[in-house]
Amino acid sequence: MLDLGGTAKKSDALAPVVESVCHFKEASMSDQPVERYEESELYRIRHSCAHVMAQAVVEMFPEAKYTIGPPIENGFYYDFDLPRTLTPEDLQAIEKRMRQIIAGKHAFIKKVVSAEEARLIFKDQPYKLELIDGLEKGSLDEYGNPLESKPDISIYQHDKFTDLCRGPHVEHTGQLRPDAVKLMNVAGAYWRGDEHNKMLQRIYATAWKNKPDLERYLQQLEEAKKRDHRKLGKDLEIFFFDDEVGPGLPLWQPNGGIMIEELERLAKEVEDKAGYFRVRTPNLCKEDLFLHSGHLPYYAESMYPPMEMEGVKYYVKPMNCPMHHKIFGSRPRSYRELPVRLAEYGTCYRYEKSGELFGLMRVRSMQMNDAHIYTSEELFEQEFMGVVALYRQYFDLFGIEKFVMRLSLHGKEGLGKKYIDNERLWIKTEDMVRSAMKNGGVPFVEAANEAAFYGPKIDVQIWSAIGREFTLATNQVDFAQPARFNLSYVSKEGSEETPLCIHRAPLSTHERMIGFLIEHYAGSFPVWLAPEQVRIIPITDGHHEYALRLEKQLRQAGVRASADLGAERMNAKIRQAQLMKTPYMLVVGDQEVANEAVSLRCRDGSRQDGMPVGEFAARVQERIKSRSSQL
RNA sequence: GCCAACGUAGCUCAGCCGGCAGAGCAGCCGCUUCGUAAGCGGCGGGUCGCGAGUUCAAUUCUCGCCGUUGGCUCCA
């Protein structure tokens with residue numbers, strides 16, 4: 001069962017993205033000391049701004065209950081329990097008041113207090129009292145996570161505002177720039193991140209050292225919007241959603257269809273060479289299979305409800321693995337044939353909650369670059385790293401550099417609930433993965449409590465244009481399901497052994513992969529992936545015949561080319577092709593017709609006049625064949 | 001699912017306090033035959049997301065639903 005659900009969370013200050021991003025090419029990056037965000041000036045600025053904002057809010061709503069307000073990437077937030085919903089006008093008023101407070105040059109004064117003193121100070125602030133309890137009794141931090149040692153209880157005071165806080169802060173508000181802070185939006189957020197708790201109002205803000213930095217950041221946000229796959233997907237006619245079809249159910253237009261075909265072609269080529277067998281399994285099956293696998297009733301919430309025929313319930317599959325297990329188990333297996341690698345671009349359906357949908361990145365219907373590898377323990381490391389090598393091959397091909405490989409581990413508390421209750425096997429397989437990664441020299445970070453329920457995994461985390469984090473690809477070890485399905489092979493010694501299963505999806509799902517690639521390339525796809533590779537632009541209609549001949553010739557050479565026979569002027573046609581980010585434009589007029597040539601314009605604006613048709617065709621074919629990123 | 005904002009022509013958007021809707025681009029039809037990012041003119045196109053309610057009158061106000069977006073939760 002591959003989960004590409006990913007984490008749709010903006011990374012917070014406790015896990016700064018920048019520090020943990022790995023680049024394969026810089027595998028030994030440890031010699032570069034990175035300033036910890038928590039110790040940086042920006043952190044102090046943002047933390048201090050949060051206090052100033054809280055003061056402004058409390059002044060506006062004397063009955064406000066304030067909770068926590070940490071710095072995050074690019075800014076900070078603060079959560080409040082307020083008597084009414086905040087409006088955009090409120091934000092303006094708060095921002096205005098913040099500027100006044102900042103201008104007051106109030107000092108931030110730290111004081112260490114006893115729990116009793118703290119309780120007295122915050123006697124009207126129930127959330128603060130809860131935090132104080134946590135600090136005192138349970139040694140919990142503000143998120144409710146255990147701390148290693150019992151911390152001091154400290155308060156920070158500036159102007160007329162006091163907050164429970166461990167700091168650090170700037171010395172006084174004069175060190176903050178009133179024109180470098182901007183309140184961004186209001187969002188709901190559960191107290192302590194628990195959906196059973198009260199929903200608070202969170203104000204997000206961004207804060208910088210100075211105005212140019214703020215402006216640069218806002219500019220970046222604008223740029224990010226331009227490469228947002230939802231916008232480009234519409235503009236480039238790749239996919240769309242339709243109300244009548246349903247949320248999270250993308251419709252692929254011809255351009256998207258081409259990209260899907262290209263990705264599948266790539267996967268097949270690579271997997272054929274790597275010894276995978278392609279299988280095909282149905283999109284739905286009887287309830288029995290998912291009862292057997294253990295996904296029902298536990299996973300039912302994420303599955304479309306069953307349909308019943310002749311008294312039998314059928315489910316649309318949310319994952320392919322149980323069916324692949326059936327194929328592995330369809331006959332006795334020998335150790336000689338291991339590893340068995342079964343691959344399928346399987347179509348799955350998952351009922352993601354409505355609020356969790358996000359363009360192509362989080363959908364309800366998906367096609368996974370799925371495969372299940374059944375292997376012995378001896379062959380595990382080699383096989384697992386073979387999969388990691390596949391990732392690297394793909395990521396090199398796409399030039400994907402910003403990502404993190406994350407070893408997702410079990411959490412002790414979850415054993416028997418979230419995770420298969422066998423700590424020995426957990427630790428064993430986690431060690432197997434860890435040492436495989438280390439032996440392979442692949443950088444990775446570790447994260448507790450992120451594993452699949454049947455085993456640890458390596459997730460590849462990427463970020464969307466607007467900064468949301470997702471699991472793009474995943475490589476999971478499964479020490480539980482093969483036994484559930486009584487899968488076995490006969491060992492050299494003649495004994496029956498249970499194989500390990502590796503679930504992997506290096507090319508993610510078509511949906512998430514293409515969503516990601518749209519943003520990664522900002523729509524300017526490499527030639528092999530570009531829906532339209534060549535646009536032929538005749539200068540006058542006297543050149544239409546030649547343009548059509550070129551079109552035919554190129555298509556027969558396996559190039560996606562089309563001639564633009566519209567009545568617009570050449571300049572307009574070029575503009576249209578540029579907007580569609582078509583890699584090559586061939587302008588043809590009298591000179592080209594006379595010489596059996598083309599005037600090549602690439603989408604980067606470069607030009608090469610008088611190129612013989614044969615030369616151009618050979619160039620495109622070479623780019624396609626090698627999947628080059630060059631034009 | 002939860003909190004909030006938004007939903008006007010294919011697209012991007014305008015439409016102050018209620019008086020039966022407008023632009024640019026795209027499309028179609030002409031004219032133009034042009035050398036590397038928008039030639040000119042004309043025409044067509046909207047149950048103002050859907051359903052109720054208030055009102056003499058609702059795109060505009062209220063409620064419900066659907067969808068999208070920003071977050072939260074979830075991601076087994």
Side-chain angles (χ1 to χ4, degrees), chain A residues 1-10 72 77 79 82 85-88 91 184-204 225 228 230-231 234-235 237 240-248 293-303 318-319 350-359 362 408 414 417-420 450-454 459 466-471 474 537-544 566-580 585-592 599-603 605-609:
Chain A
M1 162 172 76
L2 280 178
D3 173 34
L4 293 166
T7 320
K9 225 181 243 181
K10 289 216 178 182
I72 52 173
Y77 68 79
D79 288 348
L82 300 175
T85 301
L86 289 167
T87 65
L91 286 196
M184 302 299 278
N185 50 25
V186 190
Y190 301 107
W191 166 236
R192 291 207 148 152
D194 185 335
E195 63 179 322
H196 303 292
N197 287 343
K198 179 158 189 186
M199 181 158 271
L200 307 167
Q201 294 190 68
R202 172 172 298 178
I203 303 177
Y204 278 100
K225 272 190 201 160
D228 190 316
R230 293 167 298 183
K231 175 175 166 47
K234 189 184 280 182
D235 292 349
E237 298 182 10
F240 67 99
F241 294 93
D242 180 272
D243 282 3
E244 231 170 335
V245 174
S293 67
H295 296 125
L296 279 173
Y298 186 55
Y299 192 66
E301 200 177 286
S302 298
M303 291 167 70
M319 70 282 298
R350 295 178 183 175
Y351 200 88
E352 306 283 359
K353 288 187 198 166
S354 54
E356 296 163 352
L357 300 173
F358 178 72
R362 190 86 180 266
S408 299
K417 287 171 273 181
K418 220 173 146 183
Y419 306 115
I420 298 287
E450 293 280 357
F453 86 86
Y454 48 68
D459 291 322
I466 61 165
R468 244 191 254 191
E469 182 182 350
F470 287 94
T471 299
T474 184
I537 298 170
I539 292 178
T540 75
D541 44 16
H543 310 114
H544 282 190
E568 297 88 352
R569 289 175 48 198
M570 174 203 67
N571 280 310
K573 292 181 184 179
I574 287 173
R575 179 161 188 273
Q576 282 164 11
Q578 285 285 157
L579 290 174
M580 291 306 278
M585 283 149 273
L586 302 181
V587 177
V588 292
D590 291 343
Q591 292 171 40
E592 287 72 23
S599 169
L600 170 64
R601 176 193 166 103
C602 297
R603 73 180 159 215
S606 64
R607 268 178 69 177
Q608 218 167 322
D609 293 340

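Throughout, a chain's letter reflects where its sequence line sits, starting with A, and its residues are numbered from 1.
Side-chain proximity of A/Gln578 to the nucleotides B/rG35, B/rA38, B/rA37 is greatest for B/rA37. The A/Val587 side chain lies nearest to B/rG35 when the options are B/rC2, B/rG35, B/rG67. Taking only side-chain atoms of A/Arg569, from C-beta outward, the nucleotide of B/rG39, B/rU73, B/rG71 with the closest atom is B/rG39.
In this structure, CZ on A/Arg575 lies 13.0 Å from CD1 on A/Ile537, to the nearest 0.5 angstrom.
Using atom C1' as the reference point in both B/rC20 and B/rG24, the two lie 25 Å apart (nearest Å).
Ion pairing between A/Arg192 and A/Asp194 fails under the 4.0 Å rule for side-chain N and carboxylate O.
Comparing A/Leu357 and A/Gln201 along RNA chain B, the residue whose closest nucleotide (by nearest heavy atom) sits nearer the 5' end is A/Gln201. Of the residues near RNA chain B, A/Asn571 and A/Asp243, the one whose nearest nucleotide (by heavy atom distance) lies more toward the 5' end is A/Asn571.
At least one side-chain nitrogen or oxygen of A/Arg601 sits closer than 4.0 Å to the OP1 or OP2 atom of B/rA37. Close to B/rG10, at under 4.0 Å from its OP1 or OP2, lies no side-chain N or O of A/Lys234. Residue A/Thr540 places none of its side-chain N or O atoms closer than 4.0 Å to OP1 or OP2 of B/rC34. OP1 or OP2 of B/rU69 has at least one side-chain nitrogen or oxygen of A/Arg230 nearer than 4.0 Å. The phosphate of B/rG71 (OP1 or OP2) has no side-chain N or O of A/Tyr190 nearer than 4.0 angstrom.
When both distances must be under 3.5 Å, the Watson-Crick or G-U wobble mate of B/rA58 does not exist.
Among the protein residues, A/Gly193 comes within range of the sugar-phosphate backbone only, with heavy atoms under 4.0 Å from sugar or phosphate atoms but none that close to a base.
Residue-to-nucleotide contacts include no donor-acceptor pair under 3.5 Å from the side chain of A/Arg350 to the base of B/rC74. With hydrogens and angles left out, the side chain of A/Arg603 and the base of B/rA37 share no donor-acceptor pair within 3.5 Å.
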